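Working notes, beginning with the structure itself.
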Amino acid sequence: MLEIKNLVVKIEDNQILNGLNLTVNDGEVAAIMGPNGSGKSTLSYVIAGKEDYEVLDGEILLDGVNVLEMAPDERAAAGLFLAFQYPLEIAGVGTMTFLKACINAQRRAREEGEISTPDFIRKVNAAADKLEINKEMLKRALNVGFSGGEKKRMEILQMALLEPKFCVLDETDSGLDIDALRIVSEGVNALREKGRSFLVITHYQRLLNHIVPDTVHVMSKGQIVKTGGKELALELEQSGYADYRSEAA
Amino acid sequence: MADITNLRTSAETGLSNLFEAARKSFATEEKISREEAFKFFEATGLPSRRVEAFKYTDLRAAIVEAAHPAEVPSAETAKSTVASAKAFAGVEAVRLTFVNGHLVDALSDLGSLPEGVTVTPLTEALTKGNPLLKALGPVEQTRENPIYQLNTAFLADGALISVAAGAKVETPVHLRFVGTGATAFSTATRVLVSVGEGAEFSLFETHEGPNGLAYQPNDAVDAVIADKATLRHTRLNREGDKAIALSTIAARLGAEANLESVNLVFGGALSRHQIYLHFAGENANAIVNGAAMLGDGQLADSTLLADHAAVGGVSREQFKTVIDGDATGVFQGKIIVRQIAQQTDGKMKSDCLLLTDEGQMMNKPELEIFADDVACGHGATCGAPDEELLFYLMARGLPKPIAESLLVQAFIGEALESVTHEGARDALIGEVEAWLRARG
Ligand SMILES: Nc1ncnc2c1ncn2[C@@H]1O[C@H](COP(=O)(O)OP(=O)(O)O)[C@@H](O)[C@H]1O
Ligand SMILES: [Mg+2]
């Protein structure tokens, strides 16, 4: 599904990713764990197509197609989705307006007609119910005045509505209390199916109790330095990242 | 030694000739001081950039020729012009229709005014007399303003609207201004709205005119808002692309009076909207917003003066300008707090969104504070659409132009949020969307 080969990325004068290799198969949930500053968010932004980064080498293939040449919206149309670590507040843009625009953009990219308003409302309500999102929130401007947890739920709501092929979740657990963590995880688990893969980025192991990964990768200094099964996450929880910091230093 | 008259521009000479000619048609019993107004104008002339208040909007350069005051339109012309008027067409309101600055009875709802509201056509008031005429010119500082003085001198039509004390009027009155013509014309209208004690009233103004014609509308609204009264004023400038559109609202606020005023500008090669606020009574409250969406070749000026002359006044002014192409936005705002006006709370803000590198925004905020216990401030921002926000939207599949449009809409939307009347707000938002669609 997703193949990253020898990815080298810099921003301003800092090289952040140093020849990163990663493969995520169809239907797989892969976790990336790593200390702060190891380049996890950088990786997620580069996958999504943020402009600030300079890709010096490597490829990111989605079903064999290199996405590095595509604009962010084209990547989204191709089935990539990034749940942001820090979702942005967009004052003045109504959540429903935004959601409808996203769904219609996707339908246009697939050469389908616009969604009807009743269908749209039904779809949003169903997805919002699953994530226990208050309907009042949907009437407000996107993410404005939402709590950290509400913003994260809103990201998952968007993910559910856009039905992407490949989902990157960047520290979706940060800022979530235990109930919210459960709800969000259930929302993600409900989307696990053949034809859809996940890259779950987290600093802590606890998210992986809820979203149980197939594989766990450890990232340090812009590279994947260790790969294993879900037990690797538990090991890390015990030993911490000290080894990886010194190893890469 | 240069003869002073030689320094006058052709437009200034033209205005003098036009005033001379118009003089004959003025009713002798008039209670307005046209002569005085024109004398003031003749002494100052059309303001150039050397006049501080017109630093960025050089009327002397912009008005090359004085356009002829528009004739009263034929019934046919009026009817066909109004038939194509689109602004606020879907908003439920009682309409007063002005074609080329003349109130057209047959196309107005003078017979079905909401309870508590009376309307007297200005021409009738000027010939027959009317006690409300005394209330014209409610803000002192307008007497030094050449645009307002020209309006007074050439005043051709308008209306006196009176809202009875205590009347909570649900149905808004919509002043629908439409223009038409084969050659450039000028208009001078004045609408006085007097809102009685404790009354509530909504006044809408829309201005539409032909493209490709350098017509020169000059429209003024005088508002006298009595103690505890509320006026909600919503204005839409959809003037033609070559118009030189001048407008003023001058409002006097009584104790605990409320004013909500919004002006949304799309039209005109040059537009200047002036807002004069006089806080006469204690604890009055004004929210005055402006928004402009400008394209190639346009200049839009919003000039505001808030004069706090009583204790505890609150004013909030927010101006938003979207600049595309090589357009120019101008915001000049001045808050005066007189010595007696303690506990005044005045905040003024101008934000500009630049969609190209060629556009420009001129801001001139001023505070003149003579009281010591006040909270006043101003701020200005200017920049391109936020890259981070654009990326977020694009990552959700929105192509760049759509993402940018959403951000522009959100930016402008903030200035329209204060519009209480839902229908009016939706109509304004519809206009914003139309502008964005036309931009492509
Ligand atoms: N815009 C930027 N400019 C310069 N350095 C940056 C920028 N963004 C991130 N970095 C640096 O890149 C490194 C990796 O950051 P990030 O990808 O956010 O790590 P993580 O998500 O693993 O905590 C850090 O050292 C950070 O300081
Ligand atoms: Mg991060």
Side-chain angles (χ1 to χ4, degrees), chain A residues 44-53 67 70-110 140-144 151 154-155 157-159 161-164 167-168 170, chain B residues 262 264 289-293 318-322 349 351-353 355 379 381 383-419 422 425-426 428-437 440:
Chain A
S44 69
Y45 284 145
V46 173
I47 293 173
K50 198 167 187 216
E51 265 184 9
D52 319 2
Y53 301 92
V67 300
M70 300 181 184
D73 57 310
E74 293 168 332
R75 297 187 197 196
L80 277 176
F81 183 92
L82 167 62
F84 282 58
Q85 179 172 1
Y86 303 108
L88 288 100
E89 299 190 1
I90 309 198
V93 175
T95 300
M96 291 299 262
T97 308
F98 164 75
L99 293 175
K100 199 169 187 187
C102 295
I103 289 174
N104 280 332
Q106 190 188 51
R107 290 172 71 108
R108 252 193 311 279
R110 294 177 185 166
R140 309 217 305 252
L142 184 62
N143 291 332
V144 176
K151 286 179 187 168
M154 197 52 80
E155 294 289 288
L157 176 76
Q158 291 161 34
M159 193 168 94
L161 293 174
L162 293 174
E163 299 166 3
C167 311
V168 182
D170 189 3
Chain B
V262 170
L264 176 59
N289 291 350
M293 305 187 86
Q318 188 180 27
F319 286 78
K320 299 263 188 180
T321 311
V322 174
K349 203 164 175 320
D351 299 306
C352 159
L353 194 58
L355 300 181
T381 66
D386 187 310
E387 290 291 338
E388 301 285 325
L389 295 182
L390 276 176
F391 170 64
Y392 185 63
L393 296 173
M394 288 176 74
R396 293 294 174 260
L398 300 178
K400 195 167 187 176
I402 296 181
E404 199 171 82
S405 287
L406 266 183
L407 293 182
V408 171
Q409 218 176 311
F411 172 82
I412 283 290
E414 268 189 276
L416 309 179
E417 268 166 30
S418 65
V419 177
E422 216 169 307
R425 193 174 58 238
D426 288 348
L428 294 182
I429 291 168
E431 296 285 346
V432 170
E433 288 170 350
W435 186 89
L436 287 166
R437 270 197 305 278

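Throughout, a chain's letter reflects where its sequence line sits, starting with A, and its residues are numbered from 1. Keep in mind it's a predicted model, so treat the numbers as computed, not measured.
Nearest heavy-atom pair across A:Pro164 and A:Gly79 is CB-O, 3.3 Å. When all heavy atoms are compared, the tightest approach of A:Ala109 to A:Ala77 is CB-CB, 3.7 Å. Looking at every heavy atom in both residues, A:Val93 comes nearest to B:Ala410 through CG2-CB, 3.5 Å. Closest heavy-atom contact between B:Leu393 and B:Ala403: CD1-O, 3.6 Å.
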Under 3.5 Å, what donor-acceptor pairs does chain B form with chain A?
unit_1   : atom_1 : unit_2   : atom_2 : d
B:Glu388 : OE1    : A:Lys50  : NZ     : 3.0
B:Glu388 : OE2    : A:Lys50  : NZ     : 3.2
B:Tyr392 : OH     : A:Asn143 : ND2    : 3.4
B:Tyr392 : OH     : A:Glu155 : OE2    : 2.3
B:Met394 : O      : A:Asp73  : N      : 3.3
B:Arg396 : NE     : A:Gln158 : OE1    : 2.4
B:Arg396 : NH1    : A:Leu82  : O      : 2.9
B:Arg396 : NH2    : A:Leu82  : O      : 2.8
B:Arg396 : NH2    : A:Glu155 : OE1    : 2.6

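Most heavy-atom pairs under 4.5 Å with chain B: of the set A:Ala78, A:Ala76, A:Ala71, this distinction falls to A:Ala76. The choice from A:Leu80, A:Leu88, A:Leu82, A:Ile90 that makes the most heavy-atom pairs within less than 4.5 Å of chain B is A:Leu88.
Evaluation of the side-chain contact (heavy atoms from CB on, under 4.5 Å) rule for A:Ala141 yields A:Val144 as partners, not counting sequence neighbours. Remark: B:Phe319 pairs with B:Phe331 by the ring pair (Phe, Tyr, Trp, His ring centres under 6.0 Å) rule, at least two apart or across chains.
In this structure, CD1 on B:Ile429 lies 11.5 Å from CD on B:Glu431, to the nearest 0.5 angstrom. A distance of 12.5 Å separates CD1 in B:Ile412 from CG in B:Leu407, rounded to the nearest 0.5 Å.
With a threshold of 4.5 angstrom between heavy atoms, A:Ala48 approaches chain B through its backbone and through its side chain. If you measure heavy-atom distances from A:Ile103 to chain B, you find no contacts under 4.5 Å at all. Of the two parts of B:Ile402, only the side chain, counted from C-beta on, holds a non-hydrogen atom closer than 4.5 Å to a non-hydrogen atom of chain A.
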